[in-house]
Amino acid sequence: MYTLIDGKEIARQVRADVKVRVKAFTEKYGKAPALCVILAGDNPASKVYVASKEKACGWVGIRSVAKKFSADITEKELIEEIQKLNQDPDINGILVQLPLPKGINEENVLRAVAPEKDVDGFHPMNAGELMRAGAMLEPCTPAGCIELLKRAGVELSGANAVVIGRSNIVGKPIAMMLLRENCTVTICHSKTKNMKDILKNADIIVSAMGRPRAVTGDMLKDGAAVIDVGINRLEDGSIVGDVDFESAAKVCGAITPVPGGVGPMTIAFLMKNTMTAAEMQNA
């Protein structure tokens, strides 16, 4: 019998911890921590994500600031707006909602965010610190994945962990975090040969490749812990993960659902990072 790793409930616990920290900070400094979300263009999915982040801010007591720009904003103009926020002492965290409109170099924009306000953990300085020893502001989704594993009671030290996907947002940072937890880590990607054989030896699998139901139960080791980062929308409008839940659940020891697994943790750790950034800036 598998254990369902309930991301909604664990995220609620993380947010509750943040709420206590926000209350103490607000009482001490006379103002709430503030998160500014930058939205350029009118991507419908981005609007939904921004709304969910605003809701989470309201729940924990963080002040939510939204900076919305039309799709024709230039890269130079957007970076200038970010630089103003970098200098604003009342803004503790800055998040640039991706994707950005065509013609804007995302890397240049993300680099413009001050590292101490980079609550997404994407700035090269924070990425470098993660590689070395652990950044104060770590990418939210990978950090949420580690928290899910720990709260589910999964033994990390000495485990064989396989990460499917090598993106800068999830794949690479989660591999570094698992290594820090003393896992033996293998990264698989589109050019990997014999992936099934590799997965069969994995105690922990984190899938972030964006292919619906590509990981099936026959690929898994009995009792493996499965963290499904994938969010894939099918033609009928339903959302599924990278893992075929029905077949995987017959084999694995623990698994996250999609939706309701990793997604809520990403936003919860955004709140946590914003609180950490505010504390660092006022230390």
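All values below come from the heavy atoms of this structure, side chains included, with hydrogens, waters and symmetry mates left out. For this chain, numbers begin at 1 and follow the sequence in order.
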Shared hydrophobic cluster for [X] and [Y] (ILVMFWY, side-chain gaps under 4.5 Å):
| X | Y | answer |
| --- | --- | --- |
| Y2 | V251 | yes |
| L199 | L149 | no |
| L270 | I62 | yes |
| V243 | I227 | no |
| F269 | I174 | yes |

Sub-3.5 Å donor-acceptor pair from the side chain of [X] to the main-chain atoms of [Y], do we have one?
| X | Y | answer |
| --- | --- | --- |
| D242 | G210 | yes |
| T141 | T266 | no |
| H189 | G165 | no |
| K117 | I91 | yes |
| N43 | S46 | yes |
| N86 | A112 | yes |
| K200 | D218 | yes |
| S247 | G217 | yes |

For this session: Report the C-alpha distance between R15 and I267 in whole Å, list the side-chain angles of each, state the deciding distance to 0.1 Å, and finish with yes or no for side-chain contact (heavy atoms from CB on, under 4.5 Å).
Result: CA-CA 9 Å; R15 292 197 314 270; I267 295 180; 5.8 Å; no
For this session: Might you work through the salt bridge (Lys or Arg N to Asp or Glu O under 4.0 Å) test for K221 and D203, ending with a clear yes or no?
Result: CA-CA 7 Å; K221 176 182 178 180; D203 303 305; 2.6 Å; yes
Problem set entry | Those residues that, when tested against K23, pass side chain to side chain contact (heavy atoms under 4.5 Å, CB included) (two or more places apart) | E27
Exercise. Residues in side chain to side chain contact (heavy atoms under 4.5 Å, CB included) with N105, at least two apart?
Worked result: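 For N105, the residues satisfying side chain to side chain contact (heavy atoms under 4.5 Å, CB included) (neighbours in sequence not counted) are E75, E107, N108.
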Do [X] and [Y] touch side chain to side chain, with heavy atoms closer than 4.5 Å?
| X | Y | answer |
| --- | --- | --- |
| V258 | I239 | yes |
| I146 | L178 | yes |
| L137 | M280 | yes |

For this session: I would like to know whether V226 and S207 meet side-chain contact (heavy atoms from CB on, under 4.5 Å); could you show each step before the answer?
Result: CA-CA 8 Å; V226 181; S207 184; over 6 Å; no
Minimum heavy-atom distance between [X] and [Y], given as atom pair plus value:
| X | Y | result |
| --- | --- | --- |
| A214 | M209 | CB-CE, 3.2 Å |
| P139 | P173 | CG-CB, 3.9 Å |
| I187 | T192 | O-OG1, 4.3 Å |
| I94 | V119 | O-CG2, 3.6 Å |
| T276 | R21 | OG1-NH2, 3.2 Å |
| I204 | E155 | CD1-O, 4.1 Å |

Problem set entry | Positive for side-chain hydrogen bond (donor to acceptor under 3.5 Å, both in side chains) with K31, one of T26, D90, N92 |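 For K31, the side-chain hydrogen bond (donor to acceptor under 3.5 Å, both in side chains) test succeeds with only one of T26, D90, N92, which is D90.
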Exercise. Would E9 and R12 pass as an ion pair if we require N to O under 4.0 Å?
Worked result: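 Answer for the salt bridge query: yes.
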Exercise. Do K76 and E80 sit within salt-bridge range, that is, some charged N less than 4.0 Å from a carboxylate O?
Worked result: yes
Problem set entry | Steps toward side-chain contact (heavy atoms from CB on, under 4.5 Å) verdict (L98, L100) | CA-CA 5 Å; L98 302 178; L100 292 172; 3.9 Å; yes
Problem set entry | Test applied, side-chain contact (heavy atoms from CB on, under 4.5 Å); reference residue, M176; option that passes from E138, R132, M131 |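 Going through E138, R132, M131 one by one, the side-chain contact (heavy atoms from CB on, under 4.5 Å) with M176 is satisfied by M131 alone.
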For this session: Taking atom OH of Y49 as the centre, report whether more than 12 heavy atoms of other residues, nucleotides or ligands fall under 6.0 Å from it.
Result: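 No, because the 6.0 Å sphere around OH of Y49 holds 12 heavy atoms or fewer from other groups.
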Problem set entry | CD1 on I38 to CG on L85, rounded to 0.5 Å | 5.0 Å
For this session: Go through the steps to decide whether M265 and I5 satisfy the test side-chain contact (heavy atoms from CB on, under 4.5 Å), and finish with yes or no.
Result: CA-CA 11 Å; M265 294 297 289; I5 305 176; over 6 Å; no
